[in-house]
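So the structure is just underneath, and the comments pick up after that.
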Amino acid sequence: MSWLTVPTPLPSGPMEIAVTPLGVASAGYVRREGGTPPCTDEPKIRAVTERIGAYLAGRTRELGLPIDWSLSSGPHRAVLETLWREVPYGRTITYGELAARSGVFEDITEPGLAARTVGQMMAANPVPLLVPCHRVVAADGIGGFGGGRVGIEVKRWLLTLEGVLEPTLDWDGPL
DNA sequence: TATCGCATCTAGT
DNA sequence: ACTAGATGCGATA
């Protein structure tokens with residue numbers, strides 16, 4: 001596993017991406033702590049940078065990057081894969097609905113519990129952006145996002161990019 | 001293995 | 001419209 005940094009127009013700045021021979025294993029909106037080996041595979045760096053750049057510039061709706069799922073397993077992975085398969089560009093799903101779709105929480109009957117658990121799984125998503133956790137919203141509003149204050153801005157930015165939200169006055173992305 | 005912190009929801013003022 | 005409480009999972013050390 002090696003790391004590379006990709007410039008983005010996001011409010012959070014550049015992303016840190018970890019790649020393996022299988023694909024992208026990890027992505028972060030915030031800078032990783034040092035100590036991880038940088039990626040030296042130039043064609044791979046160019047491919048990842050180009051795909052993410054095109055997506056965030058509105059030139060494509062598909063990232064088209066292979067995902068290495070090995071960092072997640074069990075129910076966590078099942079929910080992430082459900083989200084990845086069933087929620088396309090420009091669509092959103094609520095925490096509760098995703099819980100139901102994934103089929104992981106059929107034993108859980110308490111209202112809201114499955115939804116909360118999904119929220120915690122999204123917070124622990126190793127590959128945000130590739131697995132579109134920003135398309136998962138609360139039943140009554142936009143919901144939350146990791147990374148504190150900047151995190152929620154990233155979520156709004158991405159939803160605006162995909163046409164889910166109306167551009168605000170400070171919108172600095174494409175369109 | 002023990003502890004911590006919730007990316008929610010629903011109901012009750 | 002707004003506030004508070006229920007409640008158990010996953011992550012971290």
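Values below: every heavy atom of this structure, side chains too, minus hydrogens, waters and symmetry copies. Throughout, protein chains are lettered first and strands after them, A, B, ... in sequence-line order, and every chain is numbered starting at 1.
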Report summary line: From CD of E97(A) across to P of dC9(B) the rounded distance in Å is 11 Å
**Report entry** Heavy-atom closest pair, residues V24(A) and V127(A)
**Finding:** O-CG1, 3.8 Å
Query raised in the report: Whole Å only: how far is the CG atom of L80(A) from the C1' atom of dA7(B)?
Result: 13 Å
Query raised in the report: Does H134(A) reach the main-chain N or O of K155(A) with its side chain, forming a donor-acceptor pair under 3.5 Å?
Result: no
Requested in this report: Using whole Å, report how far CE of M121(A) lies from C1' of dA7(B).
Outcome: 13 Å
Query - Distance (rounded to the nearest 0.5 Å) between S102(A) OG and E81(A) CD - result: 11.5 Å
Report task. Take atom CG of L98(A) and atom C1' of dT8(B), then tell me their distance rounded to the nearest Å. Result -> 13 Å
Query raised in the report: Between S2(A) and C39(A), which heavy-atom pair has the shortest distance, and what is it?
Result: OG-CB, 3.3 Å
Report summary line: Taken to the nearest whole Å, CD/Q120(A) to P/dT8(B) is 9 Å
Requested in this report: State, yes or no, whether a side-chain contact exists between I142(A) and R156(A) at a heavy-atom distance under 4.5 Å.
Outcome: yes
Report task. Look at R135(A) together with E162(A) and state whether they make a salt bridge at an N to O cut-off of under 4.0 Å. Result -> yes
Query - Note, M122(A) side chain near L83(A) side chain (heavy atom, < 4.5 Å) - result: yes
Query - Nucleotide dT10(B), atom P - distance to OH of Y95(A) in whole Å - result: 15 Å
Query - From dT8(B), dC9(B), dA7(B), nucleotide with atom closest to R116(A) side chain - result: dT8(B)
Report task. Return the value, rounded to whole Å, for the distance between atom CG of L159(A) and atom C1' of dA7(B). Result -> 12 Å
**Report entry** Gap between atoms CZ and P, on F105(A) and dT8(B) respectively (whole Å)
**Finding:** 14 Å
Query raised in the report: Looking across every strand, which nucleic acid part, if any, lies under 4.0 Å from G151(A) by heavy atom: base, sugar-phosphate, or nothing?
Result: nothing
Query raised in the report: Are L63(A) and L158(A) in one and the same hydrophobic cluster, where Ile, Leu, Val, Met, Phe, Trp and Tyr link if side-chain heavy atoms are under 4.5 Å apart?
Result: yes
Query raised in the report: Heavy atoms under 4.0 Å, any strand shown: does A124(A) hit a base, just sugar-phosphate, or nothing?
Result: sugar-phosphate
Query raised in the report: Do W171(A) and L10(A) sit in the same hydrophobic cluster, where Ile, Leu, Val, Met, Phe, Trp and Tyr count as joined when their side-chain heavy atoms come under 4.5 Å apart?
Result: yes
Query raised in the report: Using a heavy-atom cut-off of 4.0 Å to chain A, what are the terminal contacting nucleotides of DNA chain C, in 5' to 3' order?
Result: dA6(C) to dA11(C)
Report task. Under 4.0 Å between any heavy atoms, over every strand shown, what does G146(A) touch: base, sugar-phosphate, or nothing? Just pick one. Result -> base
Report task. Using a 3.5 Å limit on both pairing distances, list the dot-bracket string of DNA chain B from the 5' end; Watson-Crick and G-U wobble pairs count, crossing pairs take [ ], interstrand pairs take |. Result -> ||||||.||||||
Report task. Measure from the side-chain heavy atoms of M122(A) and tell me the nearest of dC9(B), dC6(B), dA7(B). Result -> dA7(B)
